[in-house]
Amino acid sequence: MASSSNPYVNKIGCPYHPNVPLIEDYRAGDQICSECGLVVGDRIIDVGSEWRTFSNEKAGVDPSRVGGPENPLLSGADLSTIIGPATGAASFDDFGVSKYQNRRTMSSSDRTLINAFREISSMSDRINLSQTIIDRANNLFKQVHDQKVLKGRANNAICSACLYIACRQEGVPRTFKEICAVSSVSKKEIGKCFKLILKALQTNVEVITTGDFMSRFCANLQLPNNVQRCATHIARKTSELNIISGRSPISVAAAAIYMASQASDHKRSQKEIGEIAGVADVTIRQAYRIMYSKAALLFPEDFKFATPIDQLPQM
């Protein structure tokens, strides 16, 4: 009998390479040693969705059996069975009532979660967010729902706030206006839910900087890399020299892009930048006016000016 001090008791591993990680082949249901290829385990359960076609069984008809993937956020991991409508004569009693009834129906809690997950996924698809962000937002909503800390708030507002927090925690922040554009609730309501969720879950988010938005804004404006680098340098120097205090990083980024583009051959108007950044023209103008007085200190030394600093627009 093996000694209980053996660390490999009750643990699947290759007998020849016990410290080597195993490769899981879900198609074959095997666990394979990554060093020698020995199959050391079998019958792995695939928790992915099921998709089978029976196109050869019925001419012109291709019914599919589709089972949803396992969802650990739902009670019972969503492993429920629903009986279909009765069709045969033996399925009914003497009074014509179906003998087989669904003993388990979806709870209201699960129904709320499923609708919320669907809403988060829909919003994420419209602004091209990754599955990692969607999963984090789903987890945040699950925690808020279980703790019942936002009772009375609309689920759409909670979903939007969870998505906003997930974006910031994953290092790809979006502005409130961007989230509001794909949501059905106001920016003010999303902001309220955002603060309540942070307080209730005792979590935090990273402070937004101009660099978080610069590459995305410049890409949407179709500006080349040299203009993007210049705008990033201008925004960073503006922060270091504390030229603009109290302004949001988005406003500073928009003004920096305007200044860099006006000094290059790829000029963009305040209106074009404002539409991409979600900032009003007057906000860009006010920030640019303050930055212009220190323009000589903001540009990088190796920047090639198409328009000299003294010929830049004066507001």
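Below, each value reflects all heavy atoms present in this structure, side chains not excepted, and no hydrogens, waters or symmetry copies.
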Measure the spacing between CG of N156 and OG of S184 and express it to the nearest 0.5 Å.
-> 4.0 Å

Interatomic distance, SG@C193 vs CD1@I158, rounded to 0.5 Å, equals 5.5 Å

Measure across A255 and M291 and return the closest heavy-atom pair with its distance rounded to 0.1 Å.
-> CB-SD, 3.6 Å

State, to 0.1 Å, how close V149 and A200 come at their nearest heavy-atom pair, and which atoms those are.
-> CG2-CB, 3.6 Å

Strictly by modelled atom types, are N139 and R136 linked by a side-chain donor-acceptor pair under 3.5 Å?
-> no

Just say parallel, tilted or perpendicular for the rings of F217 and F213, cut-offs at 30° and 60°.
-> parallel

Evaluate the side-chain proximity of P313 to Y288: yes if any heavy-atom separation is below 4.5 Å, no if none is.
-> yes

Can you name the closest pair of heavy atoms from L163 and S124 and give their distance?
-> CD1-OG, 3.4 Å

Which residues satisfy the side-chain hydrogen bond (donor to acceptor under 3.5 Å, both in side chains) test with H233, sequence neighbours excluded?
-> none

Please work out which of the three classes, parallel, tilted or perpendicular, describes the rings of F176 and Y164, given edges at 30° and 60°.
-> parallel

Between T112 and H145: side-chain donor-acceptor atoms closer than 3.5 Å | no

Non-neighbouring partners of R168 that pass salt bridge (Lys or Arg N to Asp or Glu O under 4.0 Å), sequence neighbours left out | none

Search all heavy atoms of L22 against all heavy atoms of C33 and return the closest pair with its distance.
-> CD2-CA, 3.8 Å

Which heavy atom in L38 sits nearest to a heavy atom in P15, and how many Å separate them?
-> CD2-CD, 3.9 Å

Using only heavy-atom distances, determine whether the side chains of K267 and T307 contain a donor-acceptor pair under 3.5 Å.
-> yes

E178/K187 under salt bridge (charged side-chain N to carboxylate O under 4.0 Å, His left out): CA gap, chis, key distance, verdict = CA-CA 10 Å; E178 288 178 295; K187 175 184 173 183; over 6 Å; no

Consider only side-chain heavy atoms of I, L, V, M, F, W and Y, link residues closer than 4.5 Å, and tell whether V20 and V39 are in one cluster.
-> no

How many angstroms lie between atom OH of Y258 and atom CD1 of I284, to the nearest 0.5 angstrom?
-> 9.0 Å

Do I243 and L298 touch side chain to side chain, with heavy atoms closer than 4.5 Å?
-> yes

What distance separates I234 CD1 from L297 CG, expressed to the nearest 0.5 Å?
-> 11.5 Å

Do M123 and E119 touch side chain to side chain, with heavy atoms closer than 4.5 Å?
-> yes

Using a cut-off of 6.0 Å, state whether more than 12 heavy atoms not belonging to Y16 lie near its atom OH.
-> no

So, do K195 and I197 sit near enough that their side-chain heavy atoms are less than 4.5 Å apart?
-> no

Should R111 and I114 count as side-chain neighbours, where that means a heavy-atom distance under 4.5 Å?
-> no

R236 and T232: side chain donor to acceptor below 3.5 Å = no

May I ask you to test the I257-C218 pair for a side-chain heavy-atom distance under 4.5 Å?
-> yes

For T203, enumerate each residue passing the side-chain hydrogen bond (donor to acceptor under 3.5 Å, both in side chains) test, keeping only those at least two apart in sequence or located in another chain.
-> Q169

How far apart are the closest heavy atoms of S186 and C180, and which atoms are they?
-> C-SG, 4.0 Å

pair Q31-I23: side-chain heavy atoms closer than 4.5 Å = no

Which distance, rounded to the nearest 0.5 Å, do you find between the NZ of K294 and the CG of L241?
-> 8.5 Å

Inter-residue atom distance E24.CD - D30.CG, 0.5 Å rounding | 11.0 Å

Close side-chain approach of C14 to E35, heavy-atom, < 4.5 Å | no

Would F303 and R229 satisfy side-chain contact (heavy atoms from CB on, under 4.5 Å), going step by step from the backbone distance to the final call?
-> CA-CA 9 Å; F303 182 73; R229 287 195 299 269; over 6 Å; no

Cut-off 3.5 Å, side chains only: do S251 and S248 have a donor facing an acceptor?
-> yes

Output yes when D281 and R285 qualify as a salt bridge under the 4.0 Å nitrogen-oxygen rule, no when they do not.
-> no

More than 12 heavy atoms from other groups under 6.0 Å of CD on Q222 = no

